[in-house]
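Because only heavy atoms are used, hydrogens play no part in the values below, and waters and symmetry mates are left out as well, while side chains stay in.
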Amino acid sequence: MSEPRPPRAEKSPRRFVFVCYDGPEAASRRSAAIAAHARYMEAVWREVLVAGPLLDPASGEVVGSLYVISAADAAAARRLLEADPFHAAGIRREPRLLGYTPALGTWIGGRIWD
């Protein structure tokens, strides 16, 4: 007996992904900015689909952050990231912005293709 196909899900509005790798002295800068960062993230949580630290698999140390953001356009997504206190603290090297289309998975409730 074969596994059932995932259900059809609606294609989502514009999504953007930021992959942010830590810059120099990130650990000490993160410690100094973590409270302000947490307050900011709580204020904008409805625009953030998912966010969190990127960890080195061997050491478990934080090496950066990943953000998946819902925004009208790339400029709005960048403004949201740049308003984060972590940005002002200089924790990140230049964040990489990519467009993103969730196509399959439990997060979107299935698949977007027929």
Completion exercise
The complete set of ring pair (Phe, Tyr, Trp, His ring centres under 6.0 Å) pairs with one or both residues in residues 50-74, sequence neighbours excluded, reads none
Handout entry: Closest approach of Y40 to L80 (non-hydrogen atoms, all atoms of both residues)
Key = OH-O, 2.6 Å
Handout entry: Heavy-atom pair with the smallest gap, counting every atom of P95 and F18
Key = CB-CD2, 3.9 Å
Identify, with sequence neighbours excluded, every residue that meets side chain to side chain contact (heavy atoms under 4.5 Å, CB included) alongside [X].
X: A74; value: F16, L97
X: A36; value: R39, P85
X: A76; value: A71, D73, R79

Handout entry: Of all pairs that satisfy salt bridge (charged side-chain N to carboxylate O under 4.0 Å, His left out), the ones with a partner from residues 84-96, not counting sequence neighbours
Key = R78-E94, D84-R92
Practice task
Sort and list the pairs that fulfil salt bridge (charged side-chain N to carboxylate O under 4.0 Å, His left out) and have at least one residue in residues 101-114, not counting sequence neighbours.
Solution key: R8-D114
Practice task
Could I get the full list of ring pair (Phe, Tyr, Trp, His ring centres under 6.0 Å) partners for H87, not counting sequence neighbours?
Solution key: none
Measure the spacing between [atom1] of [X] and [atom2] of [Y] and express it to the nearest 0.5 Å.
X: C20; Y: L81; atom1: SG; atom2: CG; result: 5.0 Å
X: I108; Y: R15; atom1: CD1; atom2: CZ; result: 9.5 Å
X: L66; Y: L54; atom1: CG; atom2: CG; result: 5.5 Å

Practice task
Keeping to residues at least two apart or across chains, list the side chain to side chain donor-acceptor pair (under 3.5 Å) pairs with something in residues 41-57.
Solution key: D56-S59
For residues 25-35, which side-chain N or O atoms pair as donor and acceptor with protein atoms under 3.5 Å away, sequence neighbours left out?
residue, atom, partner, partner atom, Å
S28, OG, E25, O, 3.2
R29, NH1, A89, O, 3.3
R29, NH1, G90, O, 3.3
R30, NH1, D22, OD2, 3.2
R30, NH2, D22, OD1, 2.8
R30, NH2, D22, OD2, 2.9
S31, OG, A27, O, 3.2

Practice task
Determine, using the 4.5 Å side-chain heavy-atom cutoff (strictly less than), whether L49 and M41 are members of one ILVMFWY cluster.
Solution key: no
Completion exercise
Using a 4.5 Å side-chain heavy-atom cut-off and chaining through intermediate ILVMFWY residues, the residues clustered with V62 come out as L55
Practice task
Please say whether more than 12 non-hydrogen atoms of neighbouring residues, nucleotides or ligands are located less than 6.0 Å from CD in E82.
Solution key: yes
Handout entry: Heavy atoms from other residues, nucleotides or ligands near OH of Y21 exceed 12 (cutoff 6.0 Å)
Key = no
